[in-house]
Amino acid sequence: MFDRVLAANLFGTKTVLLIATISYLFGSPDFLDIALVYALINYISVIGVLRITELRNEQQGADG
């Protein structure tokens, strides 16, 4: 599970880098704002998925 979350995070990071590079090449700071928002969404979603996974594992340990 953790490897899959890490892979999804990697794709998100590469996307942020691609958007930031496009922003630099075209000289448009609007794309940089989009990249920052996408990075924050990526970070929050990874933390959320890992937290849910951790809670599920603790619940399964208590049940069985």
Side-chain angles (χ1 to χ4, degrees):
M1 179 66 183
F2 295 110
D3 291 336
R4 293 178 185 162
V5 173
L6 185 63
N9 190 17
L10 177 70
F11 283 118
T13 303
K14 296 275 186 175
T15 304
V16 168
L17 289 173
L18 180 67
I19 294 171
T21 303
I22 290 171
S23 173
Y24 176 75
L25 291 175
F26 291 142
S28 177
D30 296 335
F31 286 136
L32 191 58
D33 292 339
I34 293 170
L36 288 173
V37 169
Y38 192 81
L40 288 172
I41 291 171
N42 186 33
Y43 175 75
I44 291 170
S45 64
V46 167
I47 296 299
V49 168
L50 291 176
R51 182 68 178 145
I52 289 171
T53 304
E54 180 182 350
L55 290 174
R56 189 175 296 159
N57 287 341
E58 287 177 4
Q59 189 178 40
Q60 287 177 353
D63 289 342

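- Side-chain heavy atoms closer than 4.5 Å link hydrophobic residues (I, L, V, M, F, W, Y) into clusters, and following such links, even through other members, never connects Val5 to Ile44.
- Under the 4.5 Å side-chain heavy-atom criterion for ILVMFWY residues, a single connected hydrophobic cluster contains both Ile22 and Ile34.
- For Ser23 (side chain) and Ser28 (main-chain N/O), a donor-acceptor pair under 3.5 Å exists by modelled atom type.
- If you chain together hydrophobic residues whose side chains sit under 4.5 Å apart, Leu32 and Phe26 never meet in one group.
- Every residue meeting the salt bridge (charged side-chain N to carboxylate O under 4.0 Å, His left out) condition with Glu54, not counting sequence neighbours, appears here in chain and number order: Arg51.
- Each side-chain hydrogen bond (donor to acceptor under 3.5 Å, both in side chains) pair with one or both residues in residues 2-21, not counting sequence neighbours, appears once here: Asn9-Asn42.
- Remark: Leu36 pairs with no residue by the side chain to side chain contact (heavy atoms under 4.5 Å, CB included) rule, at least two apart or across chains.
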